[in-house]
Amino acid sequence: MDDKQNANPTILSLSDLPSRRRESNVRRRDDGGTGLFDGLIPQYSYLNDPFEQPLSSSDSDDDSVEDIDEQEVYDLISSISDPEHPLSLGSLAVVNLPDIHIQPPSSPHSSISTVVVEITPTITHCSLATVIGLGVRTRLEQALPPRFRVDVRIKKGTHSTDEAVNKQLGDKERVAAALENGTLMGVLRKMLSTCE
Amino acid sequence: MASPPPAPAPRHAPTHTIRALATLTPPSNSRTWQTAPHPSQPIVATACSDRSVRVYSLTSFTLLHSITGGHKRSVRSVSWKPHVQGQDVLATGSFDASAGIWRRAQHRLEREITSSTGVDDDDEEDDDEYQFACILDGHESEIKSLSWSPSGQYLATCSRDKSVWIWEELEEDNFETVAVLQEHDGDVKCVAWHPEEDMLVSASYDDTVRLYREDADDWVQVACITGHTKTVWWAEFEGSGMAKRDFRAKRLASVQQEQDSYIEELEKSGPRLATCSDDISIRIWRRKPREGAHSANDGMPSIIRSAAVDEDWYEEAVLPQAHERAVYSVSWSRRTGMIVSAGSDGKIIVYKERWKVGSGVQTEANGDTAVPDADAPLTEWVVVAELFSAHDVFEINHVVWAERADKGKREGEEVILSTGDDGEVRVWVLDEQGVEEETKKEEDASM
């Protein structure tokens with residue numbers, strides 16, 4: 001990556017980032033495997049993973065609906081690395097706590113919540129916006145319980161082709177196919193390697 | 001987002017219950033995309049993201065065959081070739097950009113006969129499995145959908161490469177590309193055939209739906225349907241000869257004439273088209289019957305005929321909105337005319353078309369003066385059944401009607417098959433509830 005699209009991004013200091021990490025009890029895959037993407041479709045594979053059965057009391061209320069708030073979502077994605085800088089999406093202000101919204105189930109018959117994340121690319125014509133968005137969506141689909149629908153969008157007015165990128169990020173079939181692409185998976189794996 | 005106009009009559013009239021009958025076992029342990037019922041046998045094929053196809057029995061609800069080793073990526077779509085004697089022929093479309101053709105002899109009975117007469121069946125094991133027959137290469141990226149034409153003559157495939165290909169099987173395993181249609185500006189998500197004519201429909205990421213037919217040896221686009229505001233995920237034609245079937249419930253004596261002429265017009269239009277979209281809507285499209293039809297093949301120069309081949313499809317109805325997220329699949333019952341839909345919100349919804357009672361809410365129960373104004377549609381679609389969390393919290397990628405085949409079946413009964421991100425294919429029956437009440441209401445209305 002000699003030809004960086006944004007060679008001098010604004011970097012926030014770590015201490016300025018919103019944090020409540022110690023209280024986070026979001027489930028993470030921890031099976032001693034090689035990484036996040038052991039399977040082709042990693043987001044649901046943990047359901048059948050015997051190691052995921054709660055062995056300790058900390059996860060004993062898995063079946064009840066956990067409260068997951070915006071801060072926890074932020075914690076899951078702010079540590080993702082930018083594909084062209086050795087910096088996190090949080091410190092580059094690509095992901096920001098006020099741009100994360102959780103919508104509760106729309107009816108008492110439904111248990112499906114929606115997480116909406118608006119990302120702010122560092123520059124308006126950043127062609128890596130799609131890759132960053134894919135990383136955020138993949139990270140959340142992998143880490144959040146499956147009752148969450150994840151909508152990742154480019155924050156309005158921050159990107160020249162935001163509608164096209166949003167359409168692509170919202171298309172589950174395209175996302176599924178992208179995750180079967182070896183080259184792209186390599187990039188994503190690197191981005192997400194800092195999330196553990 | 002386009003939302004249907006407010007309806008005067010109640011659009012949610014739950015008269016049916018969707019009841020779980022079975023889950024096909026064992027399920028896949030990763031996402032399943034689509035399930036295709038066999039055209040004549042009680043079996044289904046399911047396209048799986050683990051690169052395999054699973055063939056299940058609708059009699060026992062168990063796995064019969066697992067077709068593996070063919071595709072390098074997810075299998076996205078499956079389609080059974082209709083009207084094949086003596087064997088089952090399956091086409092598979094994959095994210096690896098190829099389509100595969102698989103064959104298996106239908107020889108269970110024969111084998112019993114041959115083995116009883118002492119003829120040895122050396123390769124019995126192999127014979128019993130689906131054999132890879134040939135591969136169709138040509139698309140540049142993921143195949144999203146494929147479909148055999150009702151006669152079995154053509155196979156249509158579509159891809160992220162924005163193209164639709166039509167293949168013709170000249171002789172067994174010898175396929176020729178008869179058309180490469182590149183009208184769409186985005187991924188082509190779905191292809192499907194008209195039940196009576198050699199007409200193909202495709203739905204796309206470019207928000208449009210396009211129709212094609214053969215004209216002077218060339219396949220050409222004959223209509224482009226716009227109306228959806230986001231990706232169109234699925235398109236399916238109504239069954240053949242459904243216009244006349246009186247599933248719209250009791251006629252009202254006062255408007256009998258209008259209803260008769262409505263059906264007559266609908267027959268001229270032919271089977272309608274249902275589409276569903278990321279914009280959450282489901283729309284019904286109908287062909288405008290051509291003035292003085294049947295004039296196609298009278299030796300006119302092709303340059304004139306090309307214009308004559310264009311068709312006018314218009315939006316007849318928007319189904320009542322019951323989904324909250326993208327609608328991925330819609331299926332039209334060949335038996336009852338009902339429509340079932342499913343999608344990202346995990347719901348299964350069943351809709352029914354019925355005669356509108358009078359011209360609005362003012363109609364009294366004795367409705368004797370109910371004469372609808374000329375332009376108002378005579379029928380309306382209502383939600384007759386709604387099921388939440390049909391696959392727990394998971395998305396539903398596909399839903400389709402199939403003939404019920406297990407022991408508990410009633411005459412001519414259908415089941416709904418839903419295919420989900422949880423790797424499961426679930427089987428549902430539609431029970432009618434409060435039959436007496438409903439009948440009474442309609443009788444009252446028609447008196």
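Keep in mind the model is a prediction, meaning the values are calculated, not measured. For the numbers below, each heavy atom of this structure counts, side chains included, while hydrogens, waters and symmetry mates do not. Lettering of chains follows the sequences in order, A, B, ..., and the numbering in each one begins at 1.
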N397(B) versus chain A, the contacting section by heavy-atom distance below 4.5 Å = side chain
Heavy-atom distance under 4.5 Å between the side chains of E395(B) and R149(A), does that happen here?
-> yes
Name the option with the most non-hydrogen atom pairs under 4.5 Å to chain A; the candidates are R160(B), E324(B), K189(B), K347(B).
-> K189(B)
Separation of W233(B) CH2 from D171(A) CG (nearest 0.5 Å) | 3.5 Å
For D345(B) and I112(A), work out which heavy atoms get closest and say how close.
-> O-CD1, 3.2 Å
Side chain, backbone, both or neither: which part of S389(B) has an atom under 4.5 Å from a heavy atom of chain A?
-> side chain
Does S107(A) reach the side chain of F388(B), with side-chain heavy atoms less than 4.5 Å apart?
-> yes
D96(B) side chain reached by E180(A) side chain, heavy atoms, under 4.5 Å = no
Could you look at Y205(B) and say if it's the side chain, the backbone, both or neither that has a heavy atom under 4.5 Å from chain A?
-> both
In S110(A), P145(A), P146(A), S113(A), the residue satisfying side-chain contact (heavy atoms from CB on, under 4.5 Å) with V393(B) is P146(A)
Presence of salt bridge, D207(B) and K167(A), under 4.0 angstrom = yes
Would K172(A) and D421(B) pass as an ion pair if we require N to O under 4.0 Å?
-> yes
Return the option, out of T114(A), N181(A), D151(A), with the maximum number of heavy-atom pairs under 4.5 Å with chain B.
-> D151(A)
Identify whether the distance between the nearest side-chain nitrogen and carboxylate oxygen of R76(B) and E173(A) falls below 4.0 Å.
-> yes
Test item: R73(B) side-chain N/O and A177(A) main-chain N/O as donor-acceptor pair under 3.5 Å | no
Honestly, the part of S141(B) sitting under 4.5 Å from a heavy atom of chain A is neither
Checking heavy atoms, do the side chain of Q168(A), its backbone, both or neither come under 4.5 Å from chain B?
-> both
Are E142(B) and R174(A) ion-paired here, with the side-chain N under 4.0 Å from a carboxylate O?
-> no
